[in-house]
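The structure displayed is predicted, hence computed values, not measured ones. Here is how names work: the chains are called A, B, and so on, in the same order as the sequence lines, proteins then strands, and each is numbered from 1.
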Amino acid sequence: MQIKFISPDRIGAIISIILGCLSIVESIRLYPYGNKILTGDHTFPGLIGVLLVIAGGILLFERTSKEKTKPVLPRGRTAFIMIVSIGSLFIYCLLIEYIGYFFSTMITFIYMIKIIGNYRWIFSILISVVLTTALYLLFIVLLKTPFPSNNLPF
Amino acid sequence: MESIMYLLHGLTEVLTPFNLLIVVLGSLLGTLVGVLPGLGPTSAIAILLPMTTILDPAQGIMMMAGIYYGSMYGGSTTAILMNIPGEASSVPTTLDGYPMAKLGRGGAALGVAAIGSFIAGIIGLIGLVLFAPILADQALKFGPPEYFTLMLIALLILFNLTGYSFAKSMIMGLFGFLISLVGIGISSGMPRFNFGVGALTGGFEMISVIIGLFAITEVLKGLEEKRVSIKHEKIKNAYPNKADMKMSLFPILRGSLLGFILGILPGVSATITSFLSYDLEKKVSKNPEKFGKGAIEGVAGPESANNATSSGGFIPLLALGIPASPPLAILLAALMIYGLTPGPVLFEQNSQLVWTVIASMFVGNIILLILNLPLIGLWAKLTEVPFGILGPLILMVSVLGAYSVRNSMFDVIVAIIFGILGYLFHKYQWPIIPFVLCLVLGPKMESSFIQSLEISSGNLLIFFQRPISLTLLLLAGVLMIISIFLMKRTKKRIMQETGGQMEF
Amino acid sequence: MKKFYSAIFSTLLLLMVFLTGCSNDTKTASVSEKKADSYPTRQIELVVPFAAGGGVDLAARAVAEHLSKEWGQPVVVTNKPGGGGIIGAQYALKEAKADGYTVLVNNNSATTMYEAGNSNPILTAKDNKFTSRVAEGTLAYAVKSDAQWKSFKEFTEWVKKNPEKLTWASVGPAGFSAFGVAEWLDSIGVDYKKTNMVSSEGASDSAAKVAGGHVVLAVHTVGELYSLAESGKIKLLAVQSSERSPIFPEVPTVEEEGYKGLTVKWWAGLSFAAGTPDDIVKKWDSAIAKMEKDEQFLKEIEKIKLEPSYLNSKDFTKAVKEETEKYTQLAKTTGIRK
């Protein structure tokens, strides 16, 4: 009974209710700044909050009608690759702040190409340099996007 | 008519070598910018503003206009081939374009998108030429109440798109609204939902969310499926065949009209019109259940709508000086830098310039069609690039693209997080289209609602008291009834045909 | 064989890095203790906390254009819109390094008016080192072109008698329009709270609302109202400056109509993060002073319908302080301040 109750849909429903309450709280906080009951920044948060709670409630008690194939999360190497890819994106964000665009992009590319594509190191590095340069030309030279790069010139 | 004379003369001006080059450059740049997720015509045109010192007015405007409508062409390519919309306005294109690509019919989808975009562009331009001043005046009559009811109609799409769980769609839609609320409130100027975090005060940038949900999620999906390359089969015909074109003709015309008329209204973006077009096609179709699986009408309609919107957007810009969308605002700035004021004055004093620019838009559309059609084969080859390289490339471009919108690292983090969320949504079958739709509609809907009530001092009846608004409300009611009826009928049909349930 | 390949590859790698380094304009940042004589040695970021295409943005681009030429280093405009100017301001003043390579272009909405209208401002004038004021814009009152009032005086009289019927568009509750209207209402003795403020998303949105008859009044700079006024959809009842505007010579000033003491004006200026070395600030100030006399720059400013209005650092800082105090007072009495 316990396990059956906590299905992903139910979790979603509970999150929905929590978000709804959050929204209502925010709406109450904003109420004094508004002009009248319906005009003001509290209107939509309040409205949406209420609806979220209701919708979450409906979902919570909705009978799972048919035998749906249970979604299975990937495991093993696949999961590893996925997590690492996303992780390296986050690390990339950090890297860019410290060592600038060029090297952080290159390093991240090399790593991702190696991991995802399973190529040899040399190949990864080569492709990475080409792509990094291409993106550099596009984003920095052509579009002059300012990247946080405090230490190195590029 | 005098205008036609000016137009023809403008045409001869455009067809000089240097000017042609400008138009080509603009269109190409626009296409490139449209293809890359995150980059949009807004940033591209803004970058080019300094060029106004080098180019003379006609040329500068021609190039910027080229970028604008070019980006509408580009967004569809990656949307169809990789399920990654290059522009928010290409999101509906992914719904049927990508399934088509998976069936090996990517070329046909691309072809229809290009042809539809072209026809829509031309129709929009003709409308611009003939009706600019009149329509501009009408556009002014649309006030906040009218916008609100219009958005309500757009929301009705949700009824038609629902899969098997209405509650889930509603929750996703509300979630989309919620995300759009984060930021500074329009009425009080107070930050909302920021919980003391400075970065949240700026709110979520819609594009970074879309990049996350589509691009990054798509890569994650690919990683899970251990894709070798995106496409499954060889592309048989790179071009649409006669049957395709026949089926697409009416969607293209409908989409063009819809996009053009709504594009005249400031604030109605190409994203909204393309969604509306998709919904319209689904409603009038005899086989709505094939939408979402590769119905070519689902590509033809939205792609035409978004191009027509860009043409329509020029009307309030040139006739009144009101930019209908951010890229047009920058175009307006360019006009001002050149010392040109939009409005009847512009048509009177600088008519030659205006008509030259309009002529260049005709030429630009033709050039884009010529460029895009043969390139379809080339683009389609992209799907054969090994995923090991394409995947990382998409991820990196997403990061850079998300950053470039507001020069904000926060947007990048948001994109990545939504990438993860998008993957989870896909896994657990939570529909993302309601989410995206409400995210897009949210800000405008809220501001229209609040503004309407401010005008009426809190009186809800304002929506019923104004003629246009009332008409729209009645239309909304009628459409809703039709939708529910259609939905029931479609569900029954699907049960009969496949024994399974409809997803979108 | 392998050695050969790795040799080729490493040369290629080095070549790529070398080429990229060369094609890049930026040079290695000098050690920061160098005097301002060598400044700037690399690209300068001019932060505009509003969307591209607006008044502040265009003024900033004119400045960037001029200074890039003057100093031979690229001065690049970056837009960081949001929060009524606060997002960009926060970035330029608090998040970026105070080394003089990040400059904020600002206007009163996000500085004096923001501080006046909020009892808990995130940023205050103290976070700024005000460098120079660059341009000003004149306020104008706009109503629909076929509205019943033929003069500003007539309009004001009507407002006095029917405050609840006045709907006016405002970008933000403590923005430029709000303060302009508040000052005017205050001076004619009308209760600000009785009138209806309608939130708007920007100057062109406000103007469009007036032209469409949805809102009665819009108060913005002459430049922002220009296109709709020229096309005859809205009419300007008065301009708020000491002399008639050269762009609209037939429109009387508020003083001519009999209303004195209305002083709200739009301005744009430059500031650095507090803690930026003083000599860099001084270098900018003198460069701006020179720029304000440059013909090319003046022409650019005129094209975007603004007026050049230079104030040096000291005067600018003082003006900001005075304005903040005045607006805070106004905000308190009219109820803008929350």
- Item | Among A/Ser124, A/Gly57, A/Ala79, A/Pro45, residue most engaged with chain B (heavy-atom pairs, under 4.5 Å) | A/Pro45

- Message: For the interface with chain A, which of B/Ile389, B/Ile416, B/Leu424 has the highest count of heavy-atom pairs at distances below 4.5 Å?
- Response: B/Ile416

- Who in residues 46-53 of chain A is close to chain B, using a strict under-4.5 Å heavy-atom cut-off? A/Ile48, A/Leu51, A/Leu52

- Task: To the nearest 0.5 Å, tell me how far B/Leu395 CG sits from A/Phe109 CZ.
- Result: 9.0 Å

- Select, from A/Ser128, A/Ala13, A/Gly56, A/Cys93, the one with the greatest count of heavy-atom pairs under 4.5 Å involving chain B. A/Cys93

- Got a sec, which residues hit side-chain contact (heavy atoms from CB on, under 4.5 Å) with A/Tyr111, two or more places apart in sequence or on another chain? A/Val84, A/Ser88, A/Ile115

- Using non-hydrogen atoms only, which part of B/Leu181 is less than 4.5 Å away from chain A: side chain, backbone, both, or neither? side chain

- Side chain, backbone, both or neither: which part of A/Ile113 has a heavy atom under 4.5 Å from chain B? both

- Item | Distance (rounded to the nearest 0.5 Å) between A/Ser16 OG and B/Trp430 CH2 | 7.0 Å

- Item | Rounded distance [0.5 Å steps], CG in A/Leu19 versus CD1 in B/Ile179 | 8.0 Å

- Are A/Ser23 and B/Leu178 close enough, and set up right, to give a side-chain contact (heavy atoms from CB on, under 4.5 Å), and what steps lead you there? CA-CA 8 Å; A/Ser23 187; B/Leu178 199 63; 3.6 Å; yes

- For each of B/Val412, B/Val397, B/Ile413, B/Leu393, tally heavy-atom pairs with chain A at distances under 4.5 Å, and name the one with the top tally. B/Leu393

- Query: For B/Lys444, which residues count as a salt bridge (charged side-chain N to carboxylate O under 4.0 Å, His left out) partner, sequence neighbours excluded?
  - Reply: C/Glu201

- Note on the structure: If you tally heavy-atom pairs under 4.5 Å between each of A/Ile54, A/Thr108, A/Ile127, A/Ile86 and chain B, the highest tally belongs to A/Ile86

- Note on the structure: So CD1 of A/Ile58 and CE of B/Met170: to nearest 0.5 Å the spacing works out to 6.0 Å

- Message: Please report the interatomic distance CZ(A/Phe90) to CD1(B/Ile417), rounded to the nearest 0.5 Å.
- Response: 5.0 Å

- Message: Suppose we screen for side-chain hydrogen bond (donor to acceptor under 3.5 Å, both in side chains). Which residues come up paired with A/Thr105, at least two apart in sequence or across chains?
- Response: A/Tyr92

- Item | Distance (rounded to the nearest 0.5 Å) between B/Met396 CE and A/Leu135 CG | 7.5 Å

- Item | Structural part of A/Phe123 lying under 4.5 Å from a heavy atom of chain B | side chain

